[in-house]
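Here is the structure we will look at.
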Amino acid sequence: MADYLPTEPYRGTRDFLPEDMSIRSQVFERLYEVIESYGYQRYDGPILEPTEIYETKSSQEIVEQQLYTLTDRGGRRLSLRPEMTPSVARMIAGNVSKLNFPVRWYSHPNCHRYERPQRGRVREHWQINVDLFGSSSSAVEVEFVELVHDMMAGLGASRDMYELRVSDRVLLNAILSEVLEIPDDMLHDAARLLDRWQKYPQETLAADAAEIGLTDKQFEKLGEVVAAGVDVLNDLSQEVRDHSMLMQVLDTGARDLITFDPLIVRGFDYYTSTVFEVFDADPANRRSLFGGGRYDNLIGMFSPQQVPGFGFGMGDVTILDFLRTHGLLPDAHSDVDAVVIATEAALFDTGRLAARRLRAAGIRTTMPLEVRKLGKEISRADRAGARVVIIVGQQDWAAEQVTVRDLVSGDQQQVTLDQVAPAVQAVLEQPAR
RNA sequence: GUGGGUGUAGCUCAGCCGGUAGAGCACCUGGUUGUGGUCCAGGGGGUCGCGGGUUCGAAUCCCGUCACUCACCCCA
């Protein structure tokens, strides 16, 4: 008894069989369309990167526990990219003198993180990454807010299905240090506490706060800040307001497109101002769908230049969950339009001629590889998703004709080889299905 | 890393007070010679996740292990 190898894909990774691939492609092609309508250009890069580019700016958790790392034959430490932002920063930094800023780029890489799979999270996911480099204007924020809404609309989502929540590291730090008078060395931990605010009961949060070193009074005030929402911003100094990109956005017409939420923190250390996350309104998907923000000095690890950036990543796992939850998943497309069936081996060559005519006309066409009963082949063609079968048989061919059958209506007609492509095209253009 | 649930045919599952495996769907063939989506008949296909234990005998009980899954931790 042989021991067979498992056919399941490696844990946390997925096979995309044609049906799954069709759905995934359709979803992402809609997104490409919207992104490109904003003038973004697509790029790509290597899946392997030097480990160092993740060690300085990504979150500690990712580097220590979630990175797939390897050492090459030359002793270089490499990692499968866990996200695209450091890679694109590297590319921008390396080409800074050639580029015409602002640069609008997007890509669709697969990213890997070693962690336990669960709803909304796997070990390999496909992520649309959209970035803009070279502008410190809050117009960038406005552009991204609009882009996000247009992308969601492109997927068929209405505004009540999701929420775009934003915050700002500048505001957050100001609130924590100016309003709550939390010392600088405790800011990071305090921000993390906010990040967890909604998931835990007050007692747990209070205990954590005490552990961090917050006083009871500070903890109490933290609660008030959360409850206050936008109003908390009134207490901030003018200097802070001037530094905050988000404050400027809140002064524009884009104000109505976002919800200020001080609980939006995000894990990456490289964010410097605006941060945002999009949430599903349906409680089935508790995790944020996607998010991003402003990073004003990510290029800094590669070059002395200062190039501000803004970007976000949108993963396929959460977005497909979202679409499934809201009944917005597209149907899988058929990959074939027509099947040419020769009823006997002697007619294969004739069938091939017909198939070539059809393909030349842009009609996706297959032919059975063995002779079977005609009924079986029609049935297979139907299941394969073909709209039309072309029957090449002795009776018709004696008069130099073949039969074109519409599998939806059942109508059929005899045509010559010259007429095959237009006849099939005419059927394909008819609505049905 | 921690905890819960689940692992039987390609898929969805039944069988689980122990006696050596079933249904529906799917698939293949046929119902004569060139017409599918309905019907009828027949057929192929299973290491019952894996390993060990108890037993005359285990899919069924016990232990271990792995995988999947949900949640936690954390995070996109």
Side-chain angles (χ1 to χ4, degrees), chain A residues 1-4 6-14 17 58-67 81-85 109-129 192 195-196 199-200 204 208 264-271 275-279 284-293 311-319 321 339 341-344 347 351 370-398 401-412 414 433:
Chain A
M1 180 78 64
D3 269 341
Y4 296 107
T7 55
E8 290 75 38
Y10 165 66
R11 178 168 207 195
T13 65
R14 295 157 295 160
L17 301 189
S58 298
S59 81
Q60 218 182 0
E61 164 87 11
I62 286 176
V63 174
E64 287 174 0
Q65 292 176 36
Q66 302 189 346
L67 223 47
R81 61 186 169 209
E83 50 154 340
M84 198 59 173
T85 308
N110 55 341
C111 300
H112 294 79
R113 292 188 191 186
Y114 188 81
E115 58 186 333
R116 202 125 171 197
Q118 57 189 274
R119 184 173 182 83
R121 197 170 64 181
V122 293
R123 288 182 173 176
E124 178 191 36
H125 77 299
W126 292 85
Q127 180 183 72
I128 282 216
N129 215 263
R192 292 259 299 267
D195 200 19
R196 289 176 293 175
K199 298 168 83 173
Y200 293 89
T204 312
D208 290 352
I264 301 299
V265 177
R266 294 186 66 79
F268 290 131
D269 293 339
Y270 52 64
Y271 291 117
V275 286
F276 77 90
E277 289 190 342
V278 173
F279 286 86
N285 301 309
R286 297 177 52 228
R287 197 175 294 283
S288 86
L289 293 174
F290 61 95
F312 69 93
M314 177 195 255
D316 70 311
V317 180
T318 49
I319 212 70
D321 278 345
V339 176
I341 305 169
T343 58
E344 51 198 277
L347 291 169
E370 283 95 26
V371 179
R372 284 199 190 76
K373 290 180 61 175
L374 180 58
K376 297 293 178 194
E377 286 304 346
I378 292 176
S379 180
R380 283 164 167 272
D382 189 34
R383 268 181 284 127
R387 174 70 192 270
V388 181
V389 292
I390 294 83
I391 301 161
V392 182
Q394 200 69 110
Q395 288 163 29
D396 299 333
W397 191 239
Q401 289 190 319
V402 297
T403 297
V404 172
R405 179 179 177 84
D406 179 344
L407 291 182
V408 172
S409 68
D411 297 339
Q412 59 183 49
Q414 276 73 41
R433 226 163 257 268

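Every chain is numbered from 1 and lettered A, B, ... according to where its sequence line falls, protein lines coming before strand lines. Excluded from the calculations below are hydrogen atoms, water molecules and symmetry mates; all remaining heavy atoms, backbone and side chain alike, are included.
Comparing the same atom, C1', in B:rU32 and in B:rA41 gives a spacing of 16 Å after rounding to whole Å. Straight-line distance between the P atoms of B:rG37 and B:rA26: roughly 12 Å, to the nearest whole Å. Look at the C1' atom in both B:rC40 and B:rU47: the space between them is 35 Å, to the nearest Å. Comparing the same atom, C1', in B:rA59 and in B:rG15 gives a spacing of 8 Å after rounding to whole Å. Comparing B:rC27 with B:rG36, their P atoms are spaced 15 Å from each other, to the whole Å. Across the C1' atoms, B:rG7 and B:rA14 are found 15 Å apart, a figure rounded to whole Å. Across B:rA21 and B:rG46, the matching P atoms stand 13 Å from one another, rounded to whole Å. Atom name P, nucleotides B:rC66 and B:rC50: the rounded distance is 15 Å, in whole Å.
B:rG42: Watson-Crick or G-U partner is B:rC28, with both key distances under 3.5 Å. Base pairing analysis places B:rG36 opposite nothing; no Watson-Crick or G-U wobble pair with both distances below 3.5 Å involves it. The partner of B:rU12 is B:rA23, judged by Watson-Crick or G-U wobble contacts that both fall below 3.5 Å. Of the nucleotides present, none pairs with B:rA76 by Watson-Crick or G-U wobble criteria with both distances under 3.5 Å. When both pairing distances are held under 3.5 Å, B:rC68 makes a Watson-Crick or G-U pair with B:rG5.
Counted by atom type alone, A:Gln414 and A:Thr403 present one or more donor-acceptor pairs between their side chains at under 3.5 Å. No donor-acceptor contact under 3.5 angstrom links the side chains of A:Asp382 and A:Ser379, judged on distance only.
If you take CD of A:Gln118 and P of B:rU69, they are 10 Å apart, rounded to a whole angstrom. Straight-line distance from the CZ atom of A:Arg81 to the P atom of B:rA76: 18 Å, rounded to whole Å. If you take CD of A:Glu377 and C1' of B:rU35, they are 12 Å apart, rounded to a whole angstrom. Straight-line distance from the CG atom of A:Leu347 to the P atom of B:rG34: 11 Å, rounded to whole Å. Atom OH in A:Tyr10 sits roughly 10 Å away from atom P in B:rA67 (whole-Å rounding). In this structure, A:Arg113 atom CZ and B:rA76 atom P are separated by 7 Å, rounded to whole Å. The interatomic distance linking A:Ile341 (CD1) with B:rG34 (C1') rounds to 10 Å, in whole Å. Here B:rC70 presents its C1' atom at 15 Å from CD of A:Glu115, a figure rounded to the nearest Å.
A salt bridge links A:Glu370 with A:Arg372: the distance from a Lys NZ or Arg NE/NH1/NH2 to an Asp or Glu carboxylate oxygen falls below 4.0 Å.
Nearest-nucleotide assignment on RNA chain B puts the 5′-proximal partner with A:Arg11, out of A:Gly291 and A:Arg11.
Within 4.0 Å (heavy atoms only), A:Gly120 reaches no atom of the nucleic acid at all. Among the protein residues, A:Thr403 comes within range of the nucleic acid bases, having at least one heavy atom under 4.0 Å from a base atom. In this structure, A:Arg116 reaches the bases: a heavy-atom distance under 4.0 Å links it to at least one base atom across the strands shown. Residue contacts for A:Gly393: at a heavy-atom cut-off of 4.0 Å it reaches a base atom on one of the strands shown. A:Val392 comes within contact range of no nucleotide atom at all, as no heavy-atom separation falls under 4.0 Å. Nucleic acid contact class of A:Gln394 (heavy atoms, under 4.0 Å, all strands): base.
Between A:Lys373 and B:rG36 there is no side-chain N or O to OP1 or OP2 distance below 4.0 Å.
At a cut-off of 3.5 angstrom, the base of B:rG36 holds at least one donor-acceptor pair with the side chain of A:Arg405. The base of B:rU35 sits within donor-acceptor range of the side chain of A:Gln412, with an N or O pair under 3.5 Å. Residue A:Arg380 places no side-chain atom within donor-acceptor reach of the base of B:rC27, judged by atom type and a 3.5 Å distance cut-off alone. Evaluation of atom-type donor-acceptor distances gives no pair under 3.5 Å for the side chain of A:Arg372 against the base of B:rU29.
Contact record, A:Leu347 with A:Val392: CD1-O, 3.6 Å, taken as the closest heavy-atom pair. For the residue pair A:Met314 and A:Ile319, the shortest heavy atom distance occurs at CE-CD1, 3.8 Å. Scanning both residues, A:Arg121 and A:Arg116, for their nearest heavy atoms gives NH2-O, 3.6 Å.
Nearest nucleotide to the A:Arg121 side chain, out of B:rU69, B:rC74, B:rC28: B:rC74. Each of B:rA71, B:rA76, B:rG36 was ranked by its minimum atom distance to the side chain of A:Arg119; first place goes to B:rA71. You'll find that the side chain of A:Asp382 is closest to B:rG36, out of B:rG36, B:rC75, B:rC70.
When atom types are taken as modelled, the side chain of A:Arg14 and the backbone of A:Glu124 share a donor-acceptor pair closer than 3.5 angstrom.
Contact annotation: the side chain of A:Arg405 never approaches that of A:Asp411 to less than 4.5 Å [non-hydrogen atoms, C-beta and beyond].
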